[in-house]
Amino acid sequence: MDGRVEEWLAERTSDGGSWDRQQLAGRKAGLRVDVVLPARNEVDTVGAIVTAIRRELVEAVALVDEVIVVDSGSVDGTAAAAAAAGARVVTQSAVLPSLGDVPGKGEALWKALFATHGDVLVFVDADLREFDAQFVVGLLGPLLTDPTVSFVKAVYDRPLSMTDRVLPAGGGRVTELVARPLLNVHWPMLAGFVQPLAGEYAARRDLLERVPFASGYGVEVGLLIDVVELAGLSAMAQVDLGRRVHRNQDDAALGRMAAQVLLTVLDRLQTHDRAVFTGPPAGTITQFQRIGATYETQVSDVSVRDRPPMGTVAEYLRRPVPL
């Protein structure tokens, strides 16, 4: 590991439990903090997450100003559950309708910039189980105490749920098999990030406005690369949140996720002049499932599309600013 990365790892990694919510609330200095949950069919978990954040960080301590759920076409009552818990629910397709709607998580996060007004945004996945509001506190710690930090990523153990037991670690298979090798080879300055694909992170709006958002599951690795290219490693930090429990996906779903991560990294290699490709990569993946004595093919669209930096979108620049 590069010596600069080792130094960063020691200086910019903190324990999420060490940050005091009362003290951080006193350090906001007029900053508005919004928590955003991108959600699609997460009725079983979204309400508990919203309730915990509102009860502990909006009402008990004035650390968070608003909780927003960006609903990506849920059909299971996610929006109603989030609203009942006290979140402001935004329908993804209703935000910037003139620019259309792209499937995937990245679109929800990009449109959240338009739908919110926080100076600092905290992103939290809506499928977390055993959620602890201290996750949000930890992510805010470096941002509210150090003006040189603009982007904070979560670190955690990811238990892997098996049919008959739960392994204490082993989640993050796309990270270990795809994202980490690619980043270590092409962006070794990012080698210190324990969970580069973590869905929990926080950032200053003025940074997020200047980077593109990849659609789908490429959004996290795309942001990580673009932020280090734009702001440098010294503007980034990570916080150990302990243990994160969420719904594990099957191998086929992980394969499609891995393809989008790979396509996003390939795009960033070209964008940042680290590689030149002779043609566009394929945007589909073919997978197989045994049906009786033969295999059935399944072809999925895994193409990745970038949304431009929100700060360049005319509608965003014209939107009214709340008093």
Side-chain angles (χ1 to χ4, degrees), residues 34-43 46 49 67-76 78-79 82 87-118 121-128 151 174 179 196-203 205 207-227 246-247 249 253-254 256-268 271 281 283-285 300-317 319:
D34 290 341
V35 177
V36 174
L37 282 72
R40 179 178 172 82
N41 295 330
E42 302 295 352
V43 68
V46 68
I49 297 172
V67 183
I68 300 95
V69 171
V70 181
D71 183 53
S72 302
S74 298
V75 296
D76 67 345
T78 290
R88 175 164 66 91
V89 178
V90 177
T91 301
Q92 177 180 304
S93 60
V95 179
L96 292 171
S98 63
L99 300 182
D101 196 52
V102 178
K105 180 182 180 183
E107 182 82 348
L109 300 182
W110 182 69
K111 288 188 171 183
L113 286 178
F114 187 90
T116 62
H117 293 278
L121 297 182
V122 182
F123 296 111
V124 176
D125 280 346
D127 66 342
L128 299 187
F151 184 91
V174 175
L197 301 185
E200 287 67 51
Y201 44 101
R205 175 176 293 272
L207 174 65
L208 295 173
E209 289 174 335
R210 294 184 287 156
V211 292
F213 278 63
S215 63
Y217 291 112
V219 63
E220 273 86 25
V221 73
L223 284 175
L224 200 66
I225 292 169
D226 290 334
V227 167
H246 72 139
R247 183 184 63 254
Q249 301 194 54
L254 292 176
R256 295 188 290 273
M257 181 188 299
Q260 291 197 317
V261 170
L262 174 60
L263 287 172
T264 302
V265 173
L266 292 178
D267 176 79
R268 295 308 190 265
T271 299
T284 61
I285 183 173
S300 302
D301 179 7
V302 292
S303 58
V304 175
R305 172 183 171 185
D306 265 356
R307 285 299 201 173
M310 188 59 82
T312 68
V313 176
E315 292 91 335
Y316 180 76
L317 298 175
R319 70 176 187 155

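None of these values were measured; they are calculated from a predicted model.
- For the pair Pro308 and Pro212, the minimum side-chain heavy-atom distance is 4.5 Å or more.
- Distance alone, capped at 3.5 Å, is enough to place a donor-acceptor pair between the Arg319 side chain and the Phe114 backbone.
- A pairwise comparison of heavy atoms in Ala214 and Val304 identifies CB-CG1, 3.8 Å as the closest pair.
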*Does the pair Val102 and Phe213 meet the rule for a side chain to side chain contact (heavy atoms under 4.5 Å, CB included), with working shown?*
CA-CA 11 Å; Val102 178; Phe213 278 63; over 6 Å; no

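- Considering all non-hydrogen atoms of both residues, Gly311 and Leu317 come closest at O-CD2, 3.4 Å.
- Val261 approaches Ala179 most closely through the heavy-atom pair CG1-CB, 4.2 Å.
- If you take CZ on Arg268 and CG on Leu223, they are separated by 8.0 Å, rounding to the nearest 0.5 Å.
- Taking the side chain as every heavy atom from C-beta outward, Val221 and Pro196 never approach each other to under 4.5 Å.
- The CD1 atom of Ile49 sits 7.0 Å away from the CG atom of Asp127 when rounded to the nearest 0.5 Å.
- Minimum heavy-atom separation, Leu121 to Thr116: CD2-OG1, 3.6 Å.
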*Run the numbers on Leu96 and Trp110 for side chain to side chain contact (heavy atoms under 4.5 Å, CB included), then give the verdict.*
CA-CA 10 Å; Leu96 292 171; Trp110 182 69; 4.0 Å; yes

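- Sparse packing is recorded around OH of Tyr217, with 12 or fewer heavy atoms of other residues, nucleotides or ligands lying under 6.0 Å away.
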_side chain to side chain contact (heavy atoms under 4.5 Å, CB included) between Gln92 and Asp101, intermediate numbers included_ = CA-CA 8 Å; Gln92 177 180 304; Asp101 196 52; 3.1 Å; yes

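- Checked by atom type and distance alone, the side chain of Arg205 pairs as donor or acceptor with a backbone atom of Gly118 at under 3.5 Å.
- When all heavy atoms of Ala87 and Val69 are compared, the pair lying nearest together is CB-CG2, 3.8 Å.
- For the atom pair CG (Asp226) and CZ (Arg210), the distance works out to 11.5 Å, reported to the nearest 0.5 Å.
- In this structure, the separation between CD on Glu209 and OG1 on Thr312 is 10.0 Å, given to the nearest 0.5 Å.
- Of all non-hydrogen atoms in Leu99 and Arg307, the two that sit nearest each other are O-NH2, 3.0 Å.
- No side-chain heavy atom of Phe151 sits under 4.5 Å from any side-chain heavy atom of Val211.
- In this structure, Gln260 and Val174 have side chains that are not in contact, with every pair of non-hydrogen atoms separated by 4.5 Å or more.
- In summary, the side chains of Ser215 and Glu107 do not present any donor paired with an acceptor at a separation below 3.5 Å, with no hydrogens or angles considered.
- Residues Leu263 and Asp267 fail the side-chain proximity criterion, which asks for heavy atoms closer than 4.5 Å.
- Of the possible donor and acceptor atoms, none in the side chain of Thr284 sits under 3.5 Å from a partner among the backbone N and O of Ser300.
- Under the 3.5 Å distance criterion, the side-chain polar atoms of Asp125 are left unmatched by any main-chain donor or acceptor of Glu200.
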